[in-house]
Amino acid sequence: MIKHHPTQDLLQGFVTGELPASLSAAIAMHNDMCPSCAKKTAQMMDAQASQSFEELDMHPDSVDEQSAMAVTSSFDFDDMIGAIVADEAVASIPIRQPKTVTMGDKDYVLPQAIEIVELGSLSHLGKLTRARLQLGEGKIHTSLLHIQPGGEVPEHTHKGYELTLLLDGEFDDDEGHYVAGDFIMLDGTRTHQPRSEHGCLCFTVVNEPLKFTQGLNRLLNPIGPFIY
Amino acid sequence: MQVFNQALQSDTECFKPMTMPAQIDNTQLAQLLSNIATKRDKQAFTTLFGFFAPKIVNISRRKFSNPDQANEVLQETMSNVWRKAHFFDVNKGQASTWVYTIMRNVTFDMLRKVQTNKEDNLSDDIWPMVDESQAKTEVYDDHLAKNHILASLDTLPENQKMVVKGFYFQDMSQEQLAEHLGLPLGTVKSRLRLAIEKLKVQLGEHHD
Amino acid sequence: MNIPVFPLPVFLLPKGVTRLKVFEPRYLRMISIGAKENGFALVLNEFIGQPKMTASWVKIVNFDTNEQGILIVDVKCTALVSLESSYKDEHDLLWASYKPLTHWQVLTHNRSTKSFSQLLQSYFGKNKQLASLYHGEFVDTPNWVMCRWLELLPLKTEDKLYFLTANSDQQALGLLSDLLLQENN
């Protein structure tokens with residue numbers, strides 16, 4: 001059973017579209033696996049839509065409709081309507097082309113939220129395989145991380161945040177056992193050392209380089225850039 | 001080909017908005033969307049536009065300092081409303097939420113383009129407007145003349161109903177096959193299963 | 001040479017006919033192009049997204065409008081083709097280049113195929129709509145009869161896909177014999 005969910009704040013950011021694409025995609029994938037968060041999100045959507053579209057009526061003093069209209073008075077709404085309805089075509093239902101990725105000798109069909117995102121080439125380190133998602137979000141690095149059976153990630157902490165969304169398989173750390181759909185958001189105050197007995201595939205989002213807490217890793221540490 | 005011209009012809013009469021209360025009335029909004037979807041009703045669209053346009057511009061102005069970009073959000077959002085109205089399903093949510101979703105997606109893609117220079121329109125995949133079951137089947141079923149045939153099924157004598165159903169789906173039903181062969185349904189079912197298993201074994205032998 | 005592509009869950013073998021209802025603008029366009037030029041291709045969902053798609057290349061044999069003014073089109077499969085290099089045009093219509101595929105050799109009737117034919121003729125006799133789709137034409141050859149049976153049988157599409165491949169006629173013969181001719185279970 002999924003035990004780890006996005007916080008209310010993250011869901012709210014997802015609803016308003018204010019999160020980066022990496023985190024939005026993570027929440028979309030979590031919601032696909034978690035009916036309770038999907039339901040909560042749908043309720044928040046309704047509330048957000050009502051609030052946004054009613055706001056003008058409830059707070060006539062803020063930015064009122066008159067001034068909004070004034071801003072756009074430089075062009076004609078009728079022209080816009082005319083241009084829109086002149087288009088006879090109706091949108092067709094998109095044909096999806098599911099994408100498969102092979103990591104650690106296993107084939108995975110990628111979830112819809114990330115299926116069109118370009119994947120970098122695979123890097124390997126021991127039992128870990130990583131493919132970078134080319135989302136172009138600067139310091140925010142997003143990857144698919146595959147752990148082969150018996151593999152683990154050395155203990156590390158984070159200056160920023162590290163999100164791990166378990167897409168397939170299971171892993172454990174000192175705090176417990178995680179299953180597909182678990183959404184694990186860690187901030188800089190916690191350490192962890194995931195290990196996977198039977199192998200797993202994770203979607204990770206990290207916004208700052210990692211620090212490793214074990215001495216040896218600090219010195220010989222190809223894993224740092226690998227995970228970030 | 002006369003017939004194609006007729007099918008593609010559009011009405012070009014004038015469209016005038018009817019009055020719309022400032023408060024959200026989701027029943028009325030849903031009715032307008034349905035008129036757009038089924039009748040390409042320009043008057044209904046003009047009414048919806050009049051209701052949402054100032055709100056969308058106002059919201060977008062807080063996200064984009066450039067008024068042109070706020071107008072672009074409006075144009076893109078309302079154009080999607082016009083082109084995608086048939087995706088709206090009144091049983092799955094409120095009309096105002098549906099319009100908000102479109103506006104949010106348009107805004108997300110535009111901000112992403114500004115901030116990361118990526119024009120991948122990811123919003124369609126992060127927040128799909130069409131759910132997977134629709135995406136796989138809806139178009140196909142309609143083009144198979146299913147709705148048309150199902151609508152006229154009621155007027156047919158009972159014994160013909162099965163035939164029409166089967167024929168338009170390119171399949172006989174198992175019941176029809178059983179009746180035609182004069183065999184019990186159970187026998188036909190197990191024959192179908194065994195025949196496919198046998199085929200798979202044969203193919204497996206050839207391919208391995 | 002390219003033809004328009006219509007994704008549709010219709011399993012259609014050579015000389016098979018099916019009826020379509022067409023209302024989306026891009027597919028109305030496809031019909032008008034297909035009628036004037038070189039037909040179009042029906043491709044099963046199972047093949048969508050693959051670099052090579054097996055498809056039924058069809059020609060329009062009849063069309064009409066129903067009471068709602070919607071276009072009803074009957075199409076007939078000319079041959080199975082392999083589609084490659086697909087792309088979408090500015091009207092969101094899928095196009096691909098096509099190469100005809102060989103399907104089955106020309107078979108001659110034997111005792112089994114004669115039985116398939118009799119069973120199918122009696123089925124056509126009872127099903128006027130099906131017969132009318134073929135304008136009353138019944139082609140009494142083993143290839144035609146077996147193809148129509150495979151289209152009609154209540155099997156899942158995924159279980160029928162194999163019969164789109166070349167030289168699958170012997171397996172088809174085996175499958176139809178098992179289904180239609182066994183006297184008891």
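Within every chain, numbering begins at 1; the chains are lettered A, B, ... in the order of the sequence lines, protein sequences first and strands thereafter. What you see is a predicted model; the values in this text were computed from it and never measured.
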With a 3.5 Å cut-off and no angle check, do the side chains of A:Thr16 and A:Gln12 form a donor-acceptor pair? no
Contacting region of B:Ser79 [heavy-atom separation from chain A under 4.5 Å]: both
Could you check whether B:Thr116 and A:Glu137, counting side-chain N and O atoms only, form a donor-acceptor pair closer than 3.5 Å? no
Report which part of A:Leu19 has an atom under 4.5 Å of a heavy atom belonging to chain B: side chain, backbone, both, or neither. backbone
Ring pair (Phe, Tyr, Trp, His ring centres under 6.0 Å) with A:Phe203: which residues, sequence neighbours excluded? none
Counting only heavy atoms closer than 4.5 Å, note whether B:Ser60 contacts chain A via side chain, backbone, both or neither. neither
Do B:Asn35 and B:Gln31 get their side chains close enough for a donor-acceptor pair, meaning under 3.5 Å? yes
Salt bridge between A:Lys99 and A:Glu118, side-chain N to carboxylate O under 4.0 Å? no
Examine whether an atom of A:Gln134 lies under 4.5 Å from a heavy atom of chain B, and if so say whether it belongs to the side chain, the backbone or both; otherwise answer neither. both
Flag the one option from B:Phe108, B:Trp98, B:Phe52, B:Trp82 with the top tally of heavy-atom pairs under 4.5 Å to chain A. B:Trp82
Chain B heavy atoms under 4.5 Å from A:Leu135: which part of the residue, side chain, backbone, both or neither? both
Which answer fits B:Asn117, side chain, backbone, both or neither, if we ask what part of it has an atom under 4.5 Å from a heavy atom of chain A? neither
May I ask you to name which of A:Asp32, A:Ile27, A:Asn31, A:Val15 has the most heavy-atom pairs under 4.5 Å with chain B? A:Val15
Residues A:Lys106, A:Asp168: salt bridge by 4.0 Å N-O rule: yes
Residues A:Ser143 and A:Arg130: side-chain donor-acceptor under 3.5 angstrom: no
Max heavy-atom pairs within cutoff under 4.5 Å with chain A, candidates B:Lys84, B:Gln94, B:Gln115, goes to B:Gln94
